[in-house]
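The structure under discussion appears below in the form of structure tokens.
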Amino acid sequence: MIAALKTILGRAVSEITGQQSPDIAIQSPPSGFGDFSTPIAFGLAKQLRQNPSKIAERLAAAIDDPLIKTADTEGGFVNIRVSDRELETWLDRQFLSKELTTFESKNQIVQVEFVSANPTGPLHIGHARGAVVGDSLAKILSKFGYSVKKEYYLNNRGRQMRLLGESVRAVMDGKAIPDDGYKGSYISDVADKIDRTDTTEQISAKASDIILEGIKEDLAEFSITMDNFFSERELIDNGNISKLFDFLQQKELIYEEGGAIWFKSSMFGDDKDRVLKKSNGDLTYFASDIYYHYNKFIIRKFDKVIDVWGADHHGYVGRMKAACRAIGIAPERLSVVLVQIVNLLREGEPFSMSTRSGQFVTLKELIDEVNPDAARFLFLTRKVTSHLDFDVEIAKKQVSENPVFYVQYAYARTRSIFKKALEQKVKYNNKTPLLAGDIGKLERALMIELACYKDAIAKSALQLDPFYLSSYLLDIAKLFHQFYHEVRILGGEKNMISSRLRLCDIASYIIADGLKTLGISHPERM
RNA sequence: GCGCCAGUAGCUCAGCAGGAUAGAGCAACGGACUUCUAAUCCGUAGGCCAGAGGUUCGAAUCCUCUCUGGCGCACCA
């Protein structure tokens, strides 16, 4: 709906300025000023050398579309009121054709890489936010018209793996776990499943496989699934990273100094050059990360790649972007979503977790005690950039007042009303007109908001943040509850009942679609 | 020392490519079920938008500085 208004207003702006209009801000005005408003006249004032109210008046006069009933001005704002009849037609048509919730295919493949925790221990609640945001974002982008591939990158080689193998071996041999090894209690569970005669190298491979199975199970309980687990071990050991070095060599982007091979990342906006191959011959993580992105863009040809990282990796963004530019990738093809760190508290006291020390609260422990929908929603109702305090004890206690139930309850009400209608043998089909007589204030507000569903999806997709969709759903739920509470749906004359059921039908459809898109369940009854 | 993210109601957070009276949820207080699920609704109260300057017709929003908190600045992973 907002997209449609932008087009209409854009035409009016072009008519006045004779130029293509920029993106137009559409807002909800204070009550009494119409359905939508725009301050665009203020911006045009300088350009046209005329005062904003004059411009607003000219704009209002130039607006010509049946969807818009009135366009008034007030102190430079243009306030728009949508025509009831056109609103009805618009919703009707889009609902029946499914356009209300679907976007055209963009014919592009987007890869979303997230979680990617080292398979050296179970997922803990520190991983939860990134996991939820990544999964929901993938669903949103898919709805928005991209073909989406969800991937988990496994850092399953190198020092961490060696330490894991040594730690498991130590437990098997009844020896003390090395100081820098992994000390969690899960290590002995893993050790029980591995053959004592294996080499340390075999042990570490088997251990990480076992741990990965657990990670997959935990993600599944959070209704998160991956399309692919991409193994660094296979990428590097069975791949051909020398191709990357050849490529960089050819472009004169690497050089040797002090026995190490350096990448000229400073040429691409990074603070300094970075080492790719250490003087002892080992590859740095940066080297395999570049090769991984080389694989994403050049080998697998993803149109766009979205890396979901914890904000503690922000120092790595410049480097990664520099590397991508160096291998010829247009910068806009790589987006890094930095999910802010969650400050973990236990009854008000901060605590930190570490996989190595074995001190952490696992994701599984959390989900066993907190409804997964509630846990998911908790992370989705804040912007990814927002710092978040997460008190494990409070989260457990406060489950019942989680706003997710507010939305789910609205959905359950949309379903129960149809059950009731069936009991009362009320006739309804989805061809019934949405309007039967005068439209109430609450119905109208709900209809307008329902018509903006795709705008909420688009905003979340473009901003790469599920927050906008979750807050939209809270808004819709509020409007629905108000409507449901004030208006007796199954009372009154037949036409009225039918048209109100029609509105419930559309609301039901939108809320369910929105919850699905966030990866949250939508129970029929609560 | 340098950089990134933040500081808005008692709490958790929106609002920030400058625009109308700074919003919501929770907590508090007061109301609404003989009628479609009260996990709901209605109302009241709650604010020097961290602080100080600046730009502007207009600043929570942009710029500078200060203070506070979190996170980064490796031939670590």
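Order of the sequence lines sets the chain letters (A, B, ...), proteins ahead of strands, with each chain counted from 1. Values in this document were obtained by computation on a predicted structure and should not be read as measured data.
- Closest approach to the A:R488 side chain among B:A77, B:A20, B:C36 is made by B:C36 (side chain taken as heavy atoms from C-beta onward).
- Closest approach to the A:I489 side chain among B:U40, B:G72, B:C36 is made by B:C36 (side chain taken as heavy atoms from C-beta onward).
- In this structure, A:D35 pairs ionically with A:R444, as a charged nitrogen and a carboxylate oxygen lie closer than 4.0 Å.
- The gap from the C1' atom of B:A39 to that of B:C76 amounts to 49 Å, rounded to the nearest Å.
- The distance between atom CZ of A:F42 and atom P of B:U61, rounded to the nearest whole Å, is 18 Å.
- Within the structure, every side-chain polar atom (N or O) of A:S400 is placed at least 4.0 Å from both OP1 and OP2 of B:A39.
- Not one side-chain nitrogen or oxygen of A:K383 sits closer than 4.0 Å to the OP1 or OP2 atom of B:C16.
- Between the NE2 atom of A:H485 and the P atom of B:G31 there is a distance of 16 Å, given to the nearest Å.
- Comparing the C1' positions of B:G7 and B:G43 gives a spacing of 32 Å, expressed to the nearest Å.
- In the set B:U35, B:A24, B:U37, the nucleotide with an atom closest to the side chain of A:K478 is B:A24.
- Nucleotides B:C2 and B:C13 are separated by 31 Å at their C1' atoms, to the nearest Å.
- Atom CG of A:N155 is separated from atom C1' of B:C76 by 13 Å (rounded to the nearest Å).
- A distance of about 23 Å separates the C1' atoms of B:C62 and B:U21, rounded to the whole Å.
- Put simply, A:K272 has no side-chain N or O that comes within less than 4.0 Å of OP1 or OP2 on B:C2.
- Atom CD in A:E74 sits roughly 20 Å away from atom P in B:G58 (whole-Å rounding).
- In this model, the phosphate group of B:A77 is not approached by any side-chain N or O of A:R162 to a distance below 4.0 Å at OP1 or OP2.
- Side-chain contact between A:L378 and A:F390 is present, with heavy atoms from C-beta onward closer than 4.5 Å.
- Of all heavy-atom pairs spanning A:M161 and A:S208, the tightest one is SD-CB, 3.8 Å.
- Residues A:A25 and A:F33 both approach RNA chain B. Their nearest nucleotides, taken by heavy-atom distance, put A:A25 toward the 5′ side.
- Between A:N118 and A:V384, it is A:V384 whose nearest contact on RNA chain B lies nearer the 5' terminus.
- Atom pair A:L154:CG and B:A77:C1' shows a separation of 15 Å (rounding to whole Å applied).
- Base pairing analysis places B:G3 opposite B:C71; the two distances defining the Watson-Crick or G-U wobble pair are each below 3.5 Å.
- Ranking B:G15, B:U37, B:A20 by closeness to the A:R525 side chain, first place goes to B:U37.
- Side-chain proximity of A:Q482 to the nucleotides B:A38, B:A20, B:C41 is greatest for B:C41.
- Between A:Y406 and the phosphate of B:U37, there is no side-chain N or O to OP1/OP2 separation shorter than 4.0 Å.
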| request: Could you give me the CA-CA distance, side-chain angles and deciding distance for A:K6 and A:D455, then say whether salt bridge (charged side-chain N to carboxylate O under 4.0 Å, His left out) is met? | output: CA-CA 11 Å; A:K6 283 185 180 182; A:D455 301 300; over 6 Å; no

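- Spacing between atom CD of A:Q463 and atom P of B:A14 amounts to 13 Å, rounded to whole angstrom units.
- The only option from A:V78, A:V82, A:N79, A:I68 that meets the side-chain contact (heavy atoms from CB on, under 4.5 Å) definition with A:F36 turns out to be A:V82.
- With B:C41, B:G19, B:G72 as the choices, the nucleotide that has an atom nearest any side-chain atom of A:D312 turns out to be B:G72.
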| task | Check step by step if side chain to side chain donor-acceptor pair (under 3.5 Å) holds for A:Q408 and A:D373. | result | CA-CA 10 Å; A:Q408 289 180 323; A:D373 285 333; 3.1 Å; yes

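- Distance alone, capped at 3.5 Å, is enough to place a donor-acceptor pair between the A:Y152 side chain and the A:A117 backbone.
- Exactly one residue among A:N156, A:L235, A:L154 makes a side-chain contact (heavy atoms from CB on, under 4.5 Å) with A:F230. That residue is A:L235.
- The interatomic distance linking A:K459 (NZ) with B:A14 (P) rounds to 12 Å, in whole Å.
- For the side-chain contact (heavy atoms from CB on, under 4.5 Å) with A:L446, the qualifying choice from A:L442, A:I448, A:L450 is A:L450, the only one to do so.
- Residue A:F467 is classed as a sugar-phosphate contact, given heavy-atom separations below 4.0 Å to backbone atoms only.
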| Once each nucleotide of nucleotides 3-11 of chain B is scored for protein heavy atoms under 4.0 Å, what B/S/- sequence comes out, 5' to 3'? | BBBS-----

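- To the nearest whole angstrom, the two P atoms, one in B:C29 and one in B:G51, are 30 Å apart.
- Atom CZ of A:F390 is separated from atom P of B:C26 by 19 Å (rounded to the nearest Å).
- Out of B:A38, B:C75, B:A77, the shortest distance to the side chain of A:Y484 is found at B:A38.
- Comparing B:A9 with B:C48, their C1' atoms are spaced 14 Å from each other, to the whole Å.
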